[in-house]
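Take a look at the structure set out below.
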Amino acid sequence: MKADEEGFEYPIVNKNVCINCNLCEKHCPIVNKERNIEEPIAYAAINKNEEIRNESSSGGMFTLLAEAVLNKGGVVYGAAFNDEYMVEHIKVTQKEDLKLLRGSKYVQSKIGTIYEDVRDSLQNGKWVYFTGTPCQVDGLLAYLGKEDSHLICQDIVCHGVPSPKIWKWYLKQFKLDNARISFRDKSTGWESYSFTINQKKKFTQYASDNLYMRAFVKNLSLRPSCYECQSKGIKRKSDITLGDFWGINKVCPEMQDGKGTSLIFVSSEKGVRLLNEIKDKIELRKVTIADAVKYNPAIIVSSSQPTERTEFMKKIEKGRFNKITYRYVKDPFILRMKIMIYRFFVKRHKNKADRKE
(Lines give C-alpha, C1' and ligand atoms only; values in the text may rest on other atoms or scores of the structure.)
Protein backbone atom coordinates (compact mmCIF):
# COMPACT_ATOMS: atom_id res chain seq x y z
CA MET A 1 0.00 0.00 0.00
CA LYS A 2 1.25 3.48 -0.82
CA ALA A 3 -0.17 6.86 0.24
CA ASP A 4 -0.86 9.47 -2.42
CA GLU A 5 -0.36 13.23 -2.00
CA GLU A 6 -3.72 13.51 -0.18
CA GLY A 7 -2.77 10.85 2.37
CA PHE A 8 -5.00 8.05 1.06
CA GLU A 9 -3.43 4.62 0.66
CA TYR A 10 -3.78 2.59 -2.54
CA PRO A 11 -2.58 -0.92 -3.40
CA ILE A 12 0.54 -1.09 -5.57
CA VAL A 13 1.47 -4.19 -7.58
CA ASN A 14 5.08 -5.23 -7.09
CA LYS A 15 5.95 -6.09 -10.68
CA ASN A 16 9.19 -7.73 -9.57
CA VAL A 17 7.28 -10.59 -7.95
CA CYS A 18 3.98 -10.47 -9.90
CA ILE A 19 3.30 -13.72 -11.84
CA ASN A 20 0.31 -12.30 -13.75
CA CYS A 21 -2.16 -14.68 -12.11
CA ASN A 22 -4.82 -11.92 -12.15
CA LEU A 23 -6.10 -12.96 -8.72
CA CYS A 24 -6.13 -9.33 -7.56
CA GLU A 25 -8.62 -8.51 -10.33
CA LYS A 26 -10.65 -11.68 -9.81
CA HIS A 27 -11.07 -10.87 -6.11
CA CYS A 28 -11.51 -7.11 -6.45
CA PRO A 29 -14.91 -6.18 -4.94
CA ILE A 30 -15.23 -3.27 -7.36
CA VAL A 31 -14.62 -5.36 -10.48
CA ASN A 32 -16.83 -8.18 -9.15
CA LYS A 33 -19.88 -6.46 -7.70
CA GLU A 34 -21.67 -9.24 -5.85
CA ARG A 35 -24.49 -8.25 -3.53
CA ASN A 36 -26.65 -9.96 -0.96
CA ILE A 37 -29.88 -11.11 -2.61
CA GLU A 38 -31.82 -10.99 0.66
CA GLU A 39 -33.79 -7.93 1.75
CA PRO A 40 -32.61 -6.93 5.25
CA ILE A 41 -34.82 -6.52 8.31
CA ALA A 42 -34.68 -3.04 9.82
CA TYR A 43 -34.89 -2.16 13.52
CA ALA A 44 -34.58 0.74 15.92
CA ALA A 45 -32.62 -0.32 18.99
CA ILE A 46 -31.38 0.96 22.36
CA ASN A 47 -28.94 -0.67 24.79
CA LYS A 48 -30.55 -0.85 28.25
CA ASN A 49 -27.12 -0.27 29.83
CA GLU A 50 -27.09 3.53 30.11
CA GLU A 51 -23.35 3.74 30.79
CA ILE A 52 -22.41 1.89 27.59
CA ARG A 53 -25.05 3.79 25.63
CA ASN A 54 -23.66 7.15 26.79
CA GLU A 55 -20.16 6.12 25.73
CA SER A 56 -21.41 5.03 22.29
CA SER A 57 -22.16 7.16 19.25
CA SER A 58 -25.82 6.17 19.05
CA GLY A 59 -27.71 3.38 20.83
CA GLY A 60 -24.80 1.22 22.05
CA MET A 61 -25.43 -1.86 19.90
CA PHE A 62 -21.84 -2.62 18.86
CA THR A 63 -20.69 -3.46 22.38
CA LEU A 64 -23.47 -5.99 22.99
CA LEU A 65 -23.01 -7.72 19.63
CA ALA A 66 -19.24 -7.87 20.07
CA GLU A 67 -19.58 -9.19 23.64
CA ALA A 68 -21.82 -11.99 22.37
CA VAL A 69 -19.02 -13.13 20.06
CA LEU A 70 -16.38 -12.86 22.81
CA ASN A 71 -18.64 -15.02 24.98
CA LYS A 72 -18.18 -17.78 22.39
CA GLY A 73 -14.42 -17.55 22.82
CA GLY A 74 -14.20 -15.42 19.69
CA VAL A 75 -12.27 -12.32 18.67
CA VAL A 76 -13.34 -8.84 17.56
CA TYR A 77 -11.69 -6.60 14.97
CA GLY A 78 -12.38 -2.89 14.71
CA ALA A 79 -10.95 0.63 14.47
CA ALA A 80 -8.98 2.15 17.36
CA PHE A 81 -6.56 5.02 18.00
CA ASN A 82 -2.89 4.08 18.13
CA ASP A 83 -0.19 5.79 20.22
CA GLU A 84 0.09 8.58 17.63
CA TYR A 85 -3.71 9.14 17.62
CA MET A 86 -4.05 7.79 14.10
CA VAL A 87 -6.74 5.17 13.42
CA GLU A 88 -5.99 1.55 12.66
CA HIS A 89 -7.76 -1.80 12.90
CA ILE A 90 -6.81 -3.98 15.88
CA LYS A 91 -7.83 -7.32 17.39
CA VAL A 92 -9.62 -7.47 20.75
CA THR A 93 -10.05 -10.61 22.83
CA GLN A 94 -11.20 -9.14 26.18
CA LYS A 95 -14.47 -7.35 26.96
CA GLU A 96 -12.72 -4.55 28.82
CA ASP A 97 -10.84 -3.64 25.62
CA LEU A 98 -14.01 -3.11 23.56
CA LYS A 99 -13.94 0.49 24.75
CA LEU A 100 -11.02 1.01 22.34
CA LEU A 101 -13.31 0.18 19.41
CA ARG A 102 -16.42 1.92 20.72
CA GLY A 103 -17.46 5.26 19.18
CA SER A 104 -17.23 6.69 15.67
CA LYS A 105 -13.80 7.64 14.33
CA TYR A 106 -14.00 9.97 11.36
CA VAL A 107 -10.66 9.05 9.80
CA GLN A 108 -9.86 6.26 7.37
CA SER A 109 -8.47 3.39 9.42
CA LYS A 110 -5.35 1.50 8.41
CA ILE A 111 -6.16 -2.18 7.80
CA GLY A 112 -2.56 -3.37 7.71
CA THR A 113 -2.40 -7.17 8.04
CA ILE A 114 -5.78 -7.53 9.76
CA TYR A 115 -7.36 -9.47 6.86
CA GLU A 116 -4.64 -12.10 7.24
CA ASP A 117 -5.23 -12.19 10.99
CA VAL A 118 -8.97 -12.69 10.45
CA ARG A 119 -8.21 -15.58 8.08
CA ASP A 120 -5.90 -17.20 10.64
CA SER A 121 -8.48 -16.84 13.42
CA LEU A 122 -11.15 -18.50 11.27
CA GLN A 123 -8.79 -21.30 10.30
CA ASN A 124 -8.20 -21.90 14.02
CA GLY A 125 -11.94 -22.35 14.52
CA LYS A 126 -12.51 -18.99 16.24
CA TRP A 127 -15.68 -16.94 16.00
CA VAL A 128 -14.85 -13.56 14.44
CA TYR A 129 -16.73 -10.26 14.63
CA PHE A 130 -15.34 -7.76 12.09
CA THR A 131 -16.59 -4.19 12.08
CA GLY A 132 -15.62 -1.57 9.50
CA THR A 133 -16.85 0.56 6.64
CA PRO A 134 -18.87 -1.18 3.90
CA CYS A 135 -15.87 -1.16 1.55
CA GLN A 136 -13.63 -2.68 4.25
CA VAL A 137 -16.15 -5.49 4.74
CA ASP A 138 -16.31 -6.03 0.97
CA GLY A 139 -12.51 -6.12 0.89
CA LEU A 140 -12.30 -8.69 3.68
CA LEU A 141 -14.84 -11.01 2.06
CA ALA A 142 -13.08 -10.70 -1.30
CA TYR A 143 -9.76 -11.53 0.37
CA LEU A 144 -11.18 -14.60 2.12
CA GLY A 145 -12.87 -15.76 -1.08
CA LYS A 146 -15.48 -17.91 0.63
CA GLU A 147 -18.22 -17.87 3.25
CA ASP A 148 -17.44 -18.90 6.81
CA SER A 149 -20.14 -19.79 9.33
CA HIS A 150 -18.01 -18.37 12.16
CA LEU A 151 -17.57 -14.93 10.61
CA ILE A 152 -19.90 -12.04 11.48
CA CYS A 153 -19.33 -8.90 9.38
CA GLN A 154 -20.83 -5.64 10.60
CA ASP A 155 -20.57 -2.48 8.55
CA ILE A 156 -21.90 1.02 9.17
CA VAL A 157 -24.03 3.69 7.55
CA CYS A 158 -21.05 5.55 6.14
CA HIS A 159 -20.78 9.21 5.14
CA GLY A 160 -17.27 8.70 3.77
CA VAL A 161 -13.72 8.51 5.13
CA PRO A 162 -11.52 11.61 5.61
CA SER A 163 -7.83 11.62 4.85
CA PRO A 164 -5.46 10.49 7.66
CA LYS A 165 -3.14 13.25 6.44
CA ILE A 166 -5.80 15.92 7.04
CA TRP A 167 -6.40 14.48 10.52
CA LYS A 168 -2.68 14.61 11.27
CA TRP A 169 -2.48 18.26 10.17
CA TYR A 170 -5.46 19.14 12.32
CA LEU A 171 -3.90 17.54 15.42
CA LYS A 172 -0.68 19.58 15.09
CA GLN A 173 -2.26 22.46 17.01
CA PHE A 174 -2.69 20.31 20.14
CA LYS A 175 -0.13 18.98 22.61
CA LEU A 176 -1.58 15.54 23.16
CA ASP A 177 -0.63 13.65 26.29
CA ASN A 178 -2.50 10.47 27.20
CA ALA A 179 -5.53 11.98 25.48
CA ARG A 180 -8.91 10.37 24.82
CA ILE A 181 -10.53 11.65 21.63
CA SER A 182 -14.26 11.54 21.02
CA PHE A 183 -15.79 12.59 17.72
CA ARG A 184 -19.24 12.02 19.18
CA ASP A 185 -19.28 13.35 22.75
CA LYS A 186 -22.96 13.18 23.71
CA SER A 187 -22.65 15.29 26.86
CA THR A 188 -24.17 18.10 24.77
CA GLY A 189 -26.80 15.80 23.27
CA TRP A 190 -27.01 13.02 20.68
CA GLU A 191 -28.14 15.33 17.90
CA SER A 192 -25.96 18.24 19.04
CA TYR A 193 -22.86 16.21 19.89
CA SER A 194 -19.39 17.65 20.44
CA PHE A 195 -15.83 16.92 19.39
CA THR A 196 -13.78 16.45 22.56
CA ILE A 197 -10.17 15.80 23.48
CA ASN A 198 -10.03 14.66 27.10
CA GLN A 199 -6.68 15.22 28.77
CA LYS A 200 -5.20 17.51 31.42
CA LYS A 201 -5.96 20.50 29.19
CA LYS A 202 -9.38 19.56 27.86
CA PHE A 203 -10.63 20.76 24.48
CA THR A 204 -14.30 20.49 23.58
CA GLN A 205 -16.38 22.11 20.88
CA TYR A 206 -19.73 21.53 19.25
CA ALA A 207 -19.09 19.36 16.19
CA SER A 208 -20.96 21.91 14.09
CA ASP A 209 -18.32 24.50 15.14
CA ASN A 210 -15.29 22.23 14.89
CA LEU A 211 -13.36 22.88 11.69
CA TYR A 212 -12.20 19.30 11.18
CA MET A 213 -15.76 18.03 11.57
CA ARG A 214 -17.16 20.74 9.33
CA ALA A 215 -14.72 19.81 6.55
CA PHE A 216 -15.86 16.20 6.97
CA VAL A 217 -19.58 16.95 6.93
CA LYS A 218 -19.18 19.29 3.95
CA ASN A 219 -17.39 16.44 2.11
CA LEU A 220 -14.17 18.38 1.57
CA SER A 221 -11.78 15.84 3.06
CA LEU A 222 -13.23 12.54 1.83
CA ARG A 223 -11.52 9.84 -0.22
CA PRO A 224 -12.31 10.33 -3.95
CA SER A 225 -14.02 6.92 -4.20
CA CYS A 226 -16.49 7.97 -1.47
CA TYR A 227 -18.22 10.27 -3.96
CA GLU A 228 -19.14 7.21 -6.05
CA CYS A 229 -19.25 4.53 -3.38
CA GLN A 230 -19.73 1.04 -4.80
CA SER A 231 -20.52 -0.51 -1.42
CA LYS A 232 -23.64 1.45 -0.51
CA GLY A 233 -27.12 0.04 -0.86
CA ILE A 234 -29.87 -1.71 1.04
CA LYS A 235 -28.70 -5.20 0.10
CA ARG A 236 -25.15 -5.56 1.43
CA LYS A 237 -22.56 -8.26 1.91
CA SER A 238 -22.44 -7.61 5.66
CA ASP A 239 -24.49 -9.60 8.16
CA ILE A 240 -25.39 -6.50 10.18
CA THR A 241 -25.34 -2.76 9.48
CA LEU A 242 -25.31 -0.20 12.32
CA GLY A 243 -25.89 3.54 12.26
CA ASP A 244 -27.66 6.45 13.90
CA PHE A 245 -31.43 6.32 13.52
CA TRP A 246 -31.93 9.91 12.45
CA GLY A 247 -35.65 10.66 12.19
CA ILE A 248 -36.51 8.27 15.02
CA ASN A 249 -38.81 10.92 16.52
CA LYS A 250 -40.99 10.61 13.41
CA VAL A 251 -40.77 6.84 12.93
CA CYS A 252 -40.81 5.58 16.56
CA PRO A 253 -41.27 8.57 18.92
CA GLU A 254 -41.26 6.24 21.93
CA MET A 255 -37.63 5.32 21.10
CA GLN A 256 -36.45 8.95 21.15
CA ASP A 257 -35.14 10.29 24.42
CA GLY A 258 -32.22 12.35 23.09
CA LYS A 259 -29.58 9.85 24.29
CA GLY A 260 -29.06 8.00 21.00
CA THR A 261 -30.95 5.34 19.05
CA SER A 262 -29.35 2.82 16.72
CA LEU A 263 -30.54 1.81 13.28
CA ILE A 264 -29.93 -1.88 12.57
CA PHE A 265 -30.14 -3.74 9.28
CA VAL A 266 -29.94 -7.52 9.66
CA SER A 267 -29.07 -9.16 6.34
CA SER A 268 -28.35 -12.81 7.12
CA GLU A 269 -29.36 -15.75 9.31
CA LYS A 270 -26.09 -15.32 11.22
CA GLY A 271 -27.06 -11.73 11.94
CA VAL A 272 -30.54 -12.76 13.08
CA ARG A 273 -29.15 -15.37 15.47
CA LEU A 274 -26.64 -12.93 16.97
CA LEU A 275 -29.29 -10.25 17.49
CA ASN A 276 -31.54 -12.80 19.18
CA GLU A 277 -28.74 -13.53 21.68
CA ILE A 278 -28.85 -9.95 23.01
CA LYS A 279 -32.61 -9.25 22.80
CA ASP A 280 -33.09 -9.27 26.56
CA LYS A 281 -30.51 -6.47 26.89
CA ILE A 282 -32.06 -4.05 24.40
CA GLU A 283 -35.22 -2.20 23.47
CA LEU A 284 -36.08 -3.18 19.90
CA ARG A 285 -38.68 -2.02 17.39
CA LYS A 286 -39.07 -3.36 13.87
CA VAL A 287 -39.42 -0.63 11.22
CA THR A 288 -39.89 -0.57 7.47
CA ILE A 289 -36.93 -0.23 5.14
CA ALA A 290 -38.64 2.80 3.59
CA ASP A 291 -38.82 4.62 6.95
CA ALA A 292 -35.21 3.77 7.75
CA VAL A 293 -33.90 5.07 4.43
CA LYS A 294 -36.16 8.14 4.33
CA TYR A 295 -34.26 9.90 7.11
CA ASN A 296 -30.91 8.17 6.53
CA PRO A 297 -30.13 8.60 2.82
CA ALA A 298 -26.42 7.80 3.39
CA ILE A 299 -27.50 4.15 3.35
CA ILE A 300 -27.94 4.35 -0.41
CA VAL A 301 -26.62 7.75 -1.58
CA SER A 302 -22.95 8.73 -1.86
CA SER A 303 -21.72 12.07 -0.55
CA SER A 304 -21.59 14.73 -3.26
CA GLN A 305 -18.19 16.08 -4.27
CA PRO A 306 -17.83 19.84 -3.69
CA THR A 307 -16.49 21.81 -6.63
CA GLU A 308 -13.83 23.32 -4.36
CA ARG A 309 -12.56 19.99 -2.96
CA THR A 310 -9.41 19.77 -5.11
CA GLU A 311 -8.53 23.37 -4.31
CA PHE A 312 -9.09 22.76 -0.59
CA MET A 313 -6.88 19.66 -0.52
CA LYS A 314 -4.05 21.52 -2.26
CA LYS A 315 -4.24 24.67 -0.12
CA ILE A 316 -4.60 22.91 3.22
CA GLU A 317 -1.10 21.47 2.88
CA LYS A 318 0.43 24.92 2.35
CA GLY A 319 -1.25 26.91 5.11
CA ARG A 320 -2.53 26.73 8.67
CA PHE A 321 -5.34 24.22 9.04
CA ASN A 322 -7.84 26.42 10.87
CA LYS A 323 -7.33 29.50 8.71
CA ILE A 324 -7.60 27.64 5.40
CA THR A 325 -10.49 25.40 6.45
CA TYR A 326 -12.59 28.27 7.81
CA ARG A 327 -12.63 29.89 4.36
CA TYR A 328 -14.28 26.82 2.90
CA VAL A 329 -16.76 25.88 5.65
CA LYS A 330 -18.01 29.25 6.91
CA ASP A 331 -21.81 29.45 7.13
CA PRO A 332 -23.86 32.55 6.30
CA PHE A 333 -24.55 34.85 9.27
CA ILE A 334 -28.31 34.07 9.41
CA LEU A 335 -27.65 30.33 9.59
CA ARG A 336 -25.15 30.84 12.41
CA MET A 337 -27.80 32.75 14.35
CA LYS A 338 -30.36 29.97 13.84
CA ILE A 339 -27.87 27.42 15.15
CA MET A 340 -27.23 29.52 18.27
CA ILE A 341 -30.97 29.79 18.97
CA TYR A 342 -31.45 26.04 18.46
CA ARG A 343 -28.64 25.25 20.91
CA PHE A 344 -30.13 27.60 23.49
CA PHE A 345 -33.45 25.75 23.50
CA VAL A 346 -31.79 22.31 23.42
CA LYS A 347 -29.68 23.25 26.45
CA ARG A 348 -32.68 24.64 28.33
CA HIS A 349 -34.68 21.48 27.61
CA LYS A 350 -31.78 19.29 28.80
CA ASN A 351 -31.43 21.30 32.03
CA LYS A 352 -35.15 20.90 32.75
CA ALA A 353 -34.91 17.14 32.14
CA ASP A 354 -31.89 16.87 34.46
CA ARG A 355 -33.71 18.73 37.22
CA LYS A 356 -36.69 16.34 36.96
CA GLU A 357 -34.38 13.34 37.34
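- In this structure, F8 has no ring-ring contact (aromatic ring centres under 6.0 Å, His included) partners at least two apart in sequence or on a different chain.
- Taking the ring-ring contact (aromatic ring centres under 6.0 Å, His included) definition, one finds that F216 meets it with Y106, H159, sequence neighbours left out.
- Put simply, V75 and L98 are part of two different groups of oily side chains (I, L, V, M, F, W, Y) that touch within less than 4.5 Å, one to the next.
- A salt bridge links E50 with K259; the closest basic N to acidic carboxylate O contact falls under 4.0 Å.
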Exercise for the section: Quick one: do T196 and S182 satisfy side-chain hydrogen bond (donor to acceptor under 3.5 Å, both in side chains)? Show the steps, please. Expected result: CA-CA 5 Å; T196 298; S182 173; 5.7 Å; no
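- Residue K165 forms a side chain to side chain donor-acceptor pair (under 3.5 Å) with just one option from Q108, E317, E6, and that option is E317.
- For N82 and K110, the side-chain atoms include no donor-acceptor pair closer than 3.5 Å.
- Taking a 6.0 Å sphere around NZ of K270, one finds it holds more than 12 heavy atoms contributed by other residues, nucleotides or ligands.
- A donor-acceptor contact under 3.5 angstrom links the side chains of R102 and T63, judged on distance only.
- Side-chain N/O atoms of Q154 and D239 include no donor and acceptor closer than 3.5 Å.
- Looking only at atom types and distance, the side chain of R309 has a donor-acceptor partner in the side chain of Y227 under 3.5 Å away.
- Environment of CG in N178: sparse, with no more than 12 heavy atoms of neighbouring residues, nucleotides or ligands closer than 6.0 Å.
- In this structure, the ring-ring contact (aromatic ring centres under 6.0 Å, His included) partners of F130, at least two apart in sequence or on a different chain, are H89.
- As a member of the Ile/Leu/Val/Met/Phe/Trp/Tyr network built from side-chain separations under 4.5 Å, V161 groups with nothing else and remains a singleton.
- Note on I166 and I197: same hydrophobic cluster, where clusters join Ile, Leu, Val, Met, Phe, Trp and Tyr whose side-chain heavy atoms are under 4.5 Å apart, directly or indirectly.
- Using modelled atom types and a 3.5 Å distance limit, the side chains of Y77 and S121 yield a donor-acceptor pair.
- Residue V107 is grouped with residue L222 when hydrophobic side chains (ILVMFWY) are merged at heavy-atom distances under 4.5 angstrom, including chains of intermediate members.
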Just list the side-chain donor-acceptor pairs under 3.5 Å for residues 244-252, sequence neighbours left out, or say none.
from: D244; atom 1: OD1; to: R184; atom 2: NH2; distance (Å): 2.8
from: D244; atom 1: OD1; to: W190; atom 2: NE1; distance (Å): 2.9
from: D244; atom 1: OD2; to: R184; atom 2: NH1; distance (Å): 3.1
from: D244; atom 1: OD2; to: R184; atom 2: NH2; distance (Å): 3.4

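- Proximity of a side-chain donor or acceptor of K72 to a complementary backbone N or O of K126 within less than 3.5 Å is not detected.
- No continuous path of ILVMFWY side-chain contacts below 4.5 Å connects I46 to Y43, so the two sit in separate hydrophobic clusters.
- Sorted by first and then second residue, the ring-ring contact (aromatic ring centres under 6.0 Å, His included) pairs involving residues 281-316 (not counting sequence neighbours) are F312-Y328.
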